[in-house]
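Only one structure is covered here, and it is reproduced in the block below.
Fair warning: this is a prediction, and the values are worked out from it, not measured in the lab.
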Amino acid sequence: MNRLLIISRTRVEVRRKKGGLPKERVIISWLKNFFDDMSIDHSSQIRIWQKEAFLSKLKSSPDYSREEVLQANSALLFLYSTILGMSEASSRLSDVDSEPGVFKITA
């Protein structure tokens, strides 16, 4: 799904979970920042490592407070788990990484 569809689906899910308008605006703002920073136009471009890269960039920047980093983390968790359903993928990747010395090729 393209970027606009992800944003639209996020709005629907936040409203469905009875989140308020300020919460919706904060989540959408962080998602747009994430998409711009990682040059993402489509959901097929989103990878699990990008979340950690984006958050570490925010943590190292003096422009963002700890609360803002926590907001960004919550918004990205909402994106990955609720919108994209990637929570299962992250657990599978951690299982692959737990076997040291084994090289696996995934399709």
Side-chain angles (χ1 to χ4, degrees):
M1 82 182 94
N2 68 15
R3 184 178 169 158
L4 293 176
L5 189 58
I6 293 171
I7 299 288
S8 176
R9 189 167 174 198
T10 302
R11 284 191 173 110
V12 168
E13 286 298 319
V14 169
R15 291 173 188 171
R16 192 173 69 82
K17 294 184 182 287
K18 304 211 186 298
L21 186 61
K23 184 181 220 175
E24 177 184 327
R25 287 181 179 162
V26 167
I27 290 173
I28 297 300
S29 172
W30 281 116
L31 292 184
K32 286 180 179 179
N33 287 342
F34 174 68
F35 293 152
D36 289 340
D37 192 56
M38 294 292 163
S39 301
I40 295 173
D41 291 323
H42 194 269
S43 63
S44 64
Q45 298 172 320
I46 299 175
R47 302 289 180 260
I48 294 171
W49 63 266
Q50 290 171 321
K51 180 182 97 156
E52 294 304 322
F54 181 71
L55 291 174
S56 67
K57 183 177 179 180
L58 292 180
K59 288 177 188 176
S60 64
S61 174
D63 298 333
Y64 297 103
S65 67
R66 183 176 185 275
E67 290 79 19
E68 290 173 319
V69 173
L70 291 174
Q71 285 179 351
N73 186 29
S74 296
L76 292 177
L77 283 174
F78 189 78
L79 170 70
Y80 277 78
S81 64
T82 305
I83 306 303
L84 300 176
M86 292 180 80
S87 59
E88 298 86 22
S90 64
S91 65
R92 279 183 283 161
L93 285 178
S94 64
D95 291 342
V96 171
D97 293 339
S98 65
E99 299 177 25
V102 176
F103 180 70
K104 294 187 178 182
I105 299 174
T106 57

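- Taken to the nearest 0.5 Å, the NZ atom of Lys23 stands 12.5 Å off from the CD1 atom of Ile28.
- Judged by distance alone, the side chain of Gln45 and the main-chain N or O of His42 form a donor-acceptor pair under 3.5 Å.
- A donor-acceptor pair is defined here as one N or O able to donate and one able to accept, closer than 3.5 Å; no such pair exists between the side chain of Ser61 and the backbone of Leu58.
- Here Lys32 does not pair with Asp37 in a salt bridge; the nearest charged N to carboxylate O distance is not below 4.0 Å.
- Both Leu5 and Val14 are assigned to one and the same hydrophobic cluster, defined by single-linkage of ILVMFWY side chains at heavy-atom distances under 4.5 Å.
- Minimum interatomic distance between Trp30 and Glu68 (heavy atoms only, all atoms of both residues): CZ2-O, 3.4 Å.
- Residues Phe35 and Gln50 form no side-chain contact, since every pair of their non-hydrogen atoms from C-beta on lies 4.5 Å or further apart.
- Met1 CE to Ser44 OG: the interatomic distance, rounded to the nearest 0.5 Å, is 10.5 Å.
- The nearest pair of heavy atoms linking Ile46 to Met86 is O-CE, 4.1 Å.
- When every heavy atom of Arg9 is checked against every heavy atom of Ile83, the shortest pair comes out as NH1-O, 3.2 Å.
- Of the inter-residue distances, the one linking Asn2 atom CG with Asp41 atom CG reads 9.0 Å to the nearest 0.5 angstrom.
- Gln71 has its side chain out of reach of Tyr64: every pair of non-hydrogen atoms, C-beta onward, lies at least 4.5 Å apart.
- Using cut-offs of 30° and 60° on the angle between ring planes, the pair Phe54 and Phe34 is perpendicular.
- Counting heavy atoms from C-beta outward, Leu77 and Lys51 have side chains that approach closer than 4.5 Å.
- Using modelled atom types, one side-chain atom of Ser74 and one backbone atom of Leu70 make a donor-acceptor pair closer than 3.5 Å.
- Leu55 and Ile48 fall within a single hydrophobic cluster, where Ile, Leu, Val, Met, Phe, Trp and Tyr are joined by side-chain heavy atoms under 4.5 Å apart, directly or via other members.
- Side-chain N or O atoms of Thr82 include none that pairs as donor or acceptor with a backbone N or O of Leu79 at under 3.5 Å.
- For the pair Leu76/Leu31, a side-chain contact is recorded, criterion being any heavy-atom separation below 4.5 Å from C-beta on.
- In this structure a side-chain-to-backbone donor-acceptor pair under 3.5 Å is present from Ser60 to Ser56.
- The closest donor-acceptor contact from the side chain of Tyr80 to the backbone of Arg47 lies under 3.5 Å.
- Of the inter-residue distances, the one linking Ile7 atom CD1 with Glu24 atom CD reads 10.0 Å to the nearest 0.5 angstrom.
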